[in-house]
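Below is one structure; the comments refer to it alone.
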Amino acid sequence: MGTSITLGEELPPEKNYTKQLQDLLGGADTVRNFGVSGATILKKGLLPYWTESAYKNALQLNPRIVVIELGTNDSKSVNWKYKSEFKSNYVEFVRSFQALPSKPIVYICKPTPAFKAAYEINPDIIKNEINPLIDEVARETNVQVIDLYTPLVSSDALFRDGIHPNAEGAKMIAEIVRKAIRPN
């Protein structure tokens, strides 16, 4: 689940990170893409993931593994004015999956770096506020963090507009996620 970064906005479908993750995993698991462009974890955000059919569909799938890539759009000033609710909204979101009958393993991602302030996304808020809060959410919910920020921090050439990965950037994201969910 995630934002336009997960969706693979403006990439051919076979080049988004979830498809490339599927290719890396082979047939052992089926990867589904529940990316929603502009989505926020904040319930009061401009486009709360909570109200999207992607969220309901992901819950109904009763998955074995859940990877959540949200937070980038929350950094927009229109959304971040509700920052005091970010952690509690994220904890509740994670717990909604932990409560499923399948008892999935849940991973939450630190957002990829924003290499410029495009689409009203604030790079400093992602780095200095959202990423530390994601660590707090992980501790409170006992889930693992997949750090998409640190390994990509010097990879601005892989982000076509400073926010969205190109095919090679999506491949790196897929490799990072694959290493986290299947370390061997």
Side-chain angles (χ1 to χ4, degrees), residues 1-9 16-18 21 33-52 54-55 58 66-98 105-156 158-165 169-170 172-177 179-181:
M1 283 163 286
T3 64
S4 56
I5 293 166
T6 294
L7 183 62
E9 193 166 284
N16 68 50
Y17 109 75
T18 59
L21 176 61
N33 187 329
F34 292 103
V36 177
S37 186
T40 64
I41 198 72
L42 284 162
K43 288 182 174 183
K44 292 180 183 172
L46 204 54
L47 185 62
Y49 196 91
W50 300 84
T51 62
E52 293 296 308
Y55 173 61
V66 173
V67 177
I68 303 168
E69 175 272 315
L70 288 163
T72 302
N73 296 307
D74 296 271
S75 74
K76 297 176 182 181
S77 61
V78 68
N79 298 320
W80 202 238
K81 64 185 175 186
Y82 304 111
K83 68 181 179 179
S84 65
E85 299 172 34
F86 181 85
K87 181 180 170 187
S88 63
N89 286 179
Y90 213 135
V91 166
E92 184 181 347
F93 192 80
V94 169
R95 289 196 171 136
S96 72
F97 285 92
Q98 290 175 323
I105 300 167
V106 178
Y107 299 87
I108 58 176
C109 299
K110 288 185 179 178
T112 58
F115 294 100
K116 62 182 176 181
Y119 309 100
E120 301 176 39
I121 291 168
N122 187 316
D124 293 330
I125 289 174
I126 291 171
K127 178 183 178 184
N128 300 317
E129 297 184 57
I130 289 175
N131 282 344
L133 284 170
I134 287 185
D135 286 330
E136 290 180 28
V137 170
R139 280 191 295 276
E140 189 166 325
T141 58
N142 199 31
V143 299
Q144 182 179 334
V145 173
I146 299 175
D147 184 357
L148 298 179
Y149 191 92
T150 306
L152 294 167
V153 79
S154 298
S155 302
D156 57 320
L158 301 180
F159 289 77
R160 58 180 169 70
D161 57 5
I163 305 295
H164 299 97
M172 284 188 69
I173 293 169
E175 290 169 348
I176 294 164
V177 172
K179 286 177 188 167
I181 65 174

Kindly say whether Asn79 contributes a backbone atom to a donor-acceptor pair with the side chain of Asp74 at under 3.5 angstrom? no
Report yes or no: does Asn89 contribute a side-chain atom to a donor-acceptor pair with the main-chain N or O of Lys43 at less than 3.5 Å? yes
Distance-minimising heavy-atom pair for [X] and [Y]:
X: Pro48; Y: Gly45; result: CD-O, 3.3 Å
X: Val153; Y: Phe115; result: O-CE2, 3.3 Å
X: Ala114; Y: Pro123; result: O-CB, 3.3 Å
X: Val145; Y: Ala138; result: CG2-CB, 3.3 Å
X: Asn73; Y: Ala39; result: ND2-O, 3.0 Å
X: Lys127; Y: Pro132; result: O-CD, 3.6 Å

Enumerate the residue pairs fulfilling side-chain hydrogen bond (donor to acceptor under 3.5 Å, both in side chains) with a member in residues 143-154, sequence neighbours excluded, ordered by first and then second residue. Asp147-Thr150
How many angstroms lie between [atom1] in [X] and [atom2] in [Y], if you round to the nearest 0.5 Å?
X: Lys76; Y: Ile121; atom1: NZ; atom2: CD1; value: 5.5 Å
X: Thr112; Y: Ile173; atom1: OG1; atom2: CD1; value: 5.5 Å
X: Ser96; Y: Trp50; atom1: OG; atom2: CH2; value: 5.5 Å
X: Tyr90; Y: Glu140; atom1: OH; atom2: CD; value: 13.5 Å
X: Leu148; Y: Ile5; atom1: CG; atom2: CD1; value: 8.5 Å
X: Glu69; Y: Ile41; atom1: CD; atom2: CD1; value: 10.5 Å

Would you mind reporting whether [Y] and [X] have side-chain heavy atoms less than 4.5 Å apart?
X: Lys179; Y: Ile146; result: no
X: Ile163; Y: Tyr119; result: yes
X: Ser155; Y: Met172; result: yes
X: Asp135; Y: Asn131; result: no
X: Thr141; Y: Arg95; result: yes
X: Leu70; Y: Thr3; result: yes
X: Val67; Y: Tyr17; result: yes
X: Val143; Y: Tyr107; result: no

For Glu85 and Leu42, run side chain to side chain contact (heavy atoms under 4.5 Å, CB included): C-alpha distance rounded to whole Å, both residues' side-chain angles, the deciding distance at 0.1 Å, then the answer. CA-CA 7 Å; Glu85 299 172 34; Leu42 284 162; 4.2 Å; yes
Side chain to side chain contact (heavy atoms under 4.5 Å, CB included), that's the test. Do Leu7 and Asn16 meet it? Break it down for me. CA-CA 7 Å; Leu7 183 62; Asn16 68 50; over 6 Å; no
Distance-only polar pair, side chains of Trp80 and Glu129, donor-acceptor under 3.5 Å: yes
Step through the shown structure and confirm whether more than 12 heavy atoms of other residues, nucleotides or ligands are within 6.0 Å of CG on Asn142. no
Quick check: Phe34 with Tyr49 (ring centres under 6.0 Å apart)? no
side-chain contact (heavy atoms from CB on, under 4.5 Å), paired with Ser75, selected from Asp124, Thr40, Ile125: Ile125
Qualifying residues under side chain to side chain contact (heavy atoms under 4.5 Å, CB included), relative to Leu47, sequence neighbours excluded: Val36, Glu52
